[in-house]
Amino acid sequence: MKKTIQQINQNIKEGKATALTAEEVTQLVMEGEKPTAEDIDVVTTGTCGIMSGTAAIFHIPVAEPGTFKKAKSILLNGVPGFPGPCPNEWLGSVDLMIYGTAHSINESQYGGGFLFKDLVSGKEIEIKAEDFEGNIIKSTATLEDFGTAQMIGTRSAFKNYTAFVNPSSESVTSIFNAVEMDGPFKGITFSGCGELNPLQNDPQLNSIHKGSRLLINNSEGLFIGTGTRSTPEKPNMMITADMKEMDPHYIGGFRTGAGPEVYNSVATAIPVLDDTILKHTFIKNEDIPLPIADISGRHSVLSQTSYGVWRDVDERPSYEESLCQRCETCLVEDRCPTKAFQNHELNQTRCFGCGMCAYSCPFGSFQMETGTVSMNWKGETKTLDVSCRQSDIKRARELAYELKNKIINGEFIVG
Ligand code: SF4
Ligand code: SF4
């Protein structure tokens, strides 16, 4: 059976569309069902994780027009941006770009991702600009005061990723782990949401094309094209959306061993035009390869596992306060990449489900099933605990459901 985008959108507008998330489709297939294009109009996908290629383009009024000629440098909450390209001569405002990976000059654990979350949450931020004459211009603003706040993901939501281990006895600093990764073989870290991942369900980009609508942090945005470093085997997406429409739940800062990063959530809609498109969404975690590489050097693949690492694991930790020993230095507070555990309180809304707390607390006050991975190393089988997940399956599921519901309610047109 073949359908057109127009027919699917007509169904959506009339409130008659059938939409399922990619996980729901996979579940049906695992239960022995054989869904066809006749049964399903749209499959929604989702992912949430560290997206290092994220930047924001802002236009910010900082002073009265005529106050200064042109900004040379600018800091937002201590995070450096790049003024321009437009000089805004004598306008009292600054156009700038700021990276999600930028580090604050004042606070080592704060950076672009945390700044974006603060802005999208409506918090007031401090602005410090310097013009070419050396004058300092200070002001404060919220996102509402910004003329423009457009996010661009230059390489987002890779189809699949690599897992990392440290086979050496030296600790390794990397963006691929929340803290320095201990070795030898003290755990395994990975990214990607497996069978729910957007491009895993549309690997040849049959249904996503330039101009396709999608959700970025629950703001309706666009697919601009394939992102930097995208290849046919490992594609990723270049995407954009208005930050003023974003939901702070889906965006945030994440501290890695190499400094602060940004995480985003992305959901796409796959219009099911025929059975071939639908069949791509049958893929299950166990069939998606996940190479295991040495975290040092990144490219030496040591073994293979699969995205079956997401099967039967916990989305979130539980904290048993009675077991907490109130250690002088709390390793969880020290290591939690989203600052979800502060002053012996777990803030579930900040939690990302990475698992670092359960891996780190020596007294078991944090419990979380993150699974294990077995790998062969020099003729020996090693079983490693998943110590850090740099993707959040819970937020990915929530956004895929959000998009599904928008389609069912006639609020999101595909194509
Ligand atoms: S490391 Fe564990 S036991 Fe110690 S203070 Fe932190 S949560 Fe409590
Ligand atoms: S899983 Fe634990 S370490 Fe990770 S964000 Fe949540 S509270 Fe922090």
Side-chain angles (χ1 to χ4, degrees), residues 47-52 100 108-114 116-118 121 161 163-164 171 173-182 186-193 217 247-265 309-310 312-373 384-399:
T47 189
C48 171
I50 295 180
M51 298 192 191
S52 306
S108 64
Q109 303 293 353
Y110 191 82
F114 292 94
F116 295 167
K117 176 137 187 149
D118 284 345
S121 303
Y161 294 82
F164 293 102
S171 296
T173 300
S174 164
I175 60 164
F176 296 109
N177 200 45
V179 291
E180 276 197 341
M181 194 172 201
D182 294 332
K186 289 281 166 55
I188 183 164
T189 173
F190 75 95
S191 307
C193 289
N217 305 326
D247 179 342
H249 171 64
Y250 290 107
I251 180 176
F254 188 100
R255 298 182 299 190
T256 71
E261 278 272 350
V262 55
Y263 73 80
N264 291 308
S265 311
V309 286
W310 278 125
D312 302 324
V313 292
D314 293 333
E315 289 180 340
R316 290 289 182 265
S318 61
Y319 170 53
E320 185 51 69
E321 200 176 348
S322 62
L323 296 178
C324 181
Q325 304 296 308
R326 306 269 160 163
C327 313
E328 206 173 309
T329 302
C330 172
L331 280 178
V332 178
E333 194 167 325
D334 203 39
R335 294 177 165 190
C336 173
T338 61
K339 302 185 193 167
F341 191 63
Q342 303 270 296
N343 304 317
H344 305 285
E345 280 194 15
L346 175 60
N347 180 342
Q348 287 282 3
T349 59
R350 290 194 79 99
C351 180
F352 182 87
C354 68
M356 190 45 73
C357 46
Y359 173 77
S360 302
C361 176
F363 298 100
S365 59
F366 275 84
Q367 292 294 321
M368 187 175 182
E369 183 52 67
T370 52
T372 56
V373 169
L384 311 175
D385 290 330
V386 173
S387 49
C388 183
R389 307 185 300 205
Q390 291 192 308
S391 289
D392 180 1
I393 196 75
K394 187 169 189 291
R395 282 184 173 83
R397 284 179 177 138
E398 287 168 356
L399 199 60

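Atoms within each ligand, like the ligands themselves, are counted from 1 in listed order. Nothing here was measured: the structure is a model prediction, and the numbers come from that model.
Shown in contact with P362 at under 4.0 Å from a heavy atom are these atoms of ligand 1, numbered in order with element: 1 (S). Taking every non-hydrogen atom of L331 and a distance limit under 4.0 Å, the qualifying atoms of ligand 1 come out as 1 (S).
Rounding to the nearest 0.5 Å places SG of C354 at 11.0 Å from OH of Y263. Rounding to the nearest 0.5 angstrom, the gap separating the CZ atom in F366 from the CZ atom in F341 is 4.0 Å.
In this structure, K186 does not pair ionically with E180, as no charged nitrogen and carboxylate oxygen lie closer than 4.0 Å.
Within a 6.0 Å sphere centred on CD of E345, other residues, nucleotides and ligands contribute 12 heavy atoms or fewer.
Neighbours of atom 6 (Fe) of ligand 2 restricted to protein N, O or S atoms under 2.8 Å: the count is 1.
At distances below 3.5 Å, not a single donor-acceptor pair connects side-chain atoms of D314 with backbone N or O atoms of R316. No side-chain donor-acceptor contact under 3.5 Å links T256 to the backbone of A178.
By the 4.5 Å heavy-atom criterion applied to side chains, T189 and R389 are not counted as neighbours. Looking at heavy atoms from C-beta onward, R255 lies in side-chain contact with K339 at the 4.5 angstrom threshold.
Inspection of the environment of atom 8 (Fe) of ligand 1 yields the following protein N, O or S atoms under 2.8 Å: C324 SG.
Under the 6.0 Å cut-off for aromatic ring centres, F164 and F190 do not qualify, their centroids lying 6.0 Å or more apart.
T349 and N347 are linked by a side-chain donor-acceptor pair at a separation below 3.5 angstrom, with hydrogens and angles left out of the test.
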